[in-house]
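Chain naming here is simple, since letters A, B, ... match the order of the sequence lines and numbering starts at 1 in each.
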Amino acid sequence: MTTRVPERTDRGPLTTDELAARIARDIPVGSYVNLGIGQPTRIAEHLAADAGIVLHTENGMLGMGPAARGDEVDPDLTNAGKVPVTELPGAAYFHHADSFAMMRGGHLDVCVLGAFQVSHHGDLANWHTGDPDAVPAVGGAMDLAVGARRVLVMMKLFARDGTPKLVPACTYPLTGAACVHLLYTDHGVFEPGRDGVRVRETYGITVAELRERLAVTLVV
Amino acid sequence: MTTRVPERTDRGPLTTDELAARIARDIPVGSYVNLGIGQPTRIAEHLAADAGIVLHTENGMLGMGPAARGDEVDPDLTNAGKVPVTELPGAAYFHHADSFAMMRGGHLDVCVLGAFQVSHHGDLANWHTGDPDAVPAVGGAMDLAVGARRVLVMMKLFARDGTPKLVPACTYPLTGAACVHLLYTDHGVFEPGRDGVRVRETYGITVAELRERLAVTLVV
Amino acid sequence: MSRTVVAATTDEAVSGVEDGSTVLVGGFGLAGMPFDLIDALIRQGARDLTVVSNNAGNGDVGLAALLRAGRVRKVICSFPRQSDSYVFDELYRAGRVELEVVPQGTLAERMRAAGAGIGGFYSPVGVGTALAEGKETREIDGRTYVLEQPIKGDVALISAHRADPLGNLVYRKTARNFGPVMATAATTVVAQVTDIVPVGHIDPETVVTPGIFVDRLVRAEARRLTVQGAR
Amino acid sequence: MSRTVVAATTDEAVSGVEDGSTVLVGGFGLAGMPFDLIDALIRQGARDLTVVSNNAGNGDVGLAALLRAGRVRKVICSFPRQSDSYVFDELYRAGRVELEVVPQGTLAERMRAAGAGIGGFYSPVGVGTALAEGKETREIDGRTYVLEQPIKGDVALISAHRADPLGNLVYRKTARNFGPVMATAATTVVAQVTDIVPVGHIDPETVVTPGIFVDRLVRAEARRLTVQGAR
């Protein structure tokens, strides 16, 4: 079986910054985008200034700018991760019910979320490890997973101990069912679906090697 | 059976202006009030300037002032009857969903509505005569009838042909069921209730005469 | 939704409206009525429309002109009958337009639900009246509620006071009325404004409709119509 | 509700809160947190409280101080776990405080429903997850929704930027967050503001919370706390 999937075996897996840049490239000009807390935040650094992409933060703002530095820090202006940020020209503030109405109502073009696990059907688990000792905390993850028109996930393909995070079925509690449109990882880009996971491209690994390490059906 | 109901037989029924003034006297200091279109609008002229009563208009404003005159007329500033009005200091504008959330959520202290009929249980009919040829139009009447904390009705006790408008059961289509707290009419003030209609006071008519002309149980 | 387009003309702004569309039309009486967009929609020619608006037209302008042009199959509104709603009244009595009367706050809330991704909601308004007939009711904490469904538009035509090129909108006084709600509830949102100022010239604290909701923007002179008469 | 009272002190502003009350507490992390009202509530002494807030306290201030004082029986929030939520974490692990986790937008919408007289609403958020367990679901137009109930407070403690004596409020940047929603959803609404300006000094177009929602108002100096760390 021949494959036309680009296999970039001339290099290793993507670094976090390379992955952020890879995702940034796929975000259409003029999109309204929510970047989840943690790694997805770094995508902002790779968005072209002239692409007219407007960032939403669920605590009540469109037109969020980069992290605040020095005198710019204002405790009344933070992102969803509670990190001080700045305001761009053309910004707008609104309250929480309006902000989440915007999300739930399908007005955001794209959100990018981190994940503990993604299933081959696009189920997402990113809010709770299931550890009975852990304090559960969901924030806006479920709202984004259900509300954004395209839900992208940014994560490492394997956990530190080598177990895959792209799985036949999530073992961690779900954030949303069949909600992930595209999964961006250090080892490749994947499209979950009913008939298996379509491999879009790989980095530092071949599709054959992925088939050995993942327990999901890969479609090319 | 003796009655302690004040019977003002030394005078005729209240004029519309007297009735408006009578209702104004019962509106507590500091209330947030919606005055329905038509006659209830005239209550505004009888509210004491220092009573701190704030008028709501359901098309999106608190702090509505008197009707606009001459140069004050601004097509962007009207009351619910679409009559140009003015803005008082301390006013606030909001959109329709917010305005009706305010009403439905029980935040208005008082509304005063006109009526075709009120039943002895406090059912209200004020939106539709039931005439199959009439164009039905409800506006905000049902929202006010259900939402305001106290619903007062201002109407004539008898129609032009002498038939009572305070009735055992409304024959016109209902606006709201058991929603009227107090009924102010030219001939008297009435409190609908489960055991009959309590007469608070009369004008130009005795309770005995009312008993003859009305088909409802009057309690004194 | 993606980037707001500033249209050169009102004709461009309303292009592509399809026959049979549901069109949300802003305004309360004449205040906030998007006159120029409606005129352009008449020229554009879409037919068999369902119009959602508070009223059913005043005088011969705006919505009344659209009705007179015979483009409207059905009106969903709270208050069609007005002293100057003769165009609608005539069509309605002749059986040439359908009417669904909805309590004013329910009309607003049903559109908000569509814009907010809510599948339905329980309202106490209208319970026990003809307007709740055929609707599911439910007892919650001893009070009766009626289940209301979202109203979603294919197109919204609204009027605002000022915009920036990103589509951020501010309104003027009670002309705000249905605009902000309708802007959330339609697939394509078209706003006419009297003024488009550069990005950064609207205080972010005062934006009422953020640009994310606005697809097309067009400048149109304010019409200073005098409003008179009962609603 | 009737006329807003301007309280002379924060103690006066929070007087009368009863044991067992449900208290809505504004803020997202530290932004918009009504620190002075919470400190006054600690002095006031009400116990056995159910607190509804986005988080469950940061560091040793605000909500965290109320928790440490042992006054809270239950927390309803979306995101208790933070880098500096050690007070809550300890109480929770020791079984000394109950927790109900609600998706952030559902938390906001449930309070909006209480304030808007909505008896319940169907939300697509959380369907198929542990947070929808035990909740009624319903298929609407091919999509599954979960029925959510209003959350009503006995008291709301919020922080705003500026007020006039009628209780009209404006907020500052993302400190707006839950304040406007909570102000609609509690029997008694108490707002601390950094500034009270004369009536007429707030542009009516820019009022975010109209005075009708605010029962008590008190002036309190802004605390310029530096916010750092992940949520």
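- More than 12 heavy-atom neighbours from other residues, nucleotides or ligands sit within 6.0 angstrom of CD on C:Glu98.
- Counting heavy atoms from C-beta on, the side chains of D:Val207 and D:Leu169 never come closer than 4.5 Å.
- Contacts of D:Glu109 with chain C are made by side-chain atoms alone, with heavy-atom separations under 4.5 Å and no backbone atom involved.
- Here the side chain of D:Asn168 pairs a donor or acceptor atom with the backbone of D:Gly211 at under 3.5 angstrom.
- Using a 4.5 Å heavy-atom threshold, the side chains of D:Val155 and D:Thr22 count as separate.
- Contact annotation for D:Arg143: neither backbone nor side-chain heavy atoms come within less than 4.5 Å of a heavy atom of chain C.
- When the candidates D:Asp141, D:Val125, D:Ile118 are compared by the number of heavy-atom contacts under 4.5 Å with chain C, D:Ile118 comes out ahead.
- Considering only heavy-atom pairs separated by less than 4.5 Å from chain D, the leading option among C:Arg138, C:Arg112, C:Gln149 is C:Arg112.
- With respect to D:Asp48 and D:Arg73, a salt bridge is recorded, a charged nitrogen being found less than 4.0 Å from a carboxylate O.
- For chain D, the nearby part of C:Ile140 is the side chain; its heavy atoms alone come within less than 4.5 Å.
- When each of C:Leu147, C:Val208, C:Asp203, C:Val170 is checked for heavy-atom pairs under 4.5 Å with chain D, C:Leu147 comes out on top.
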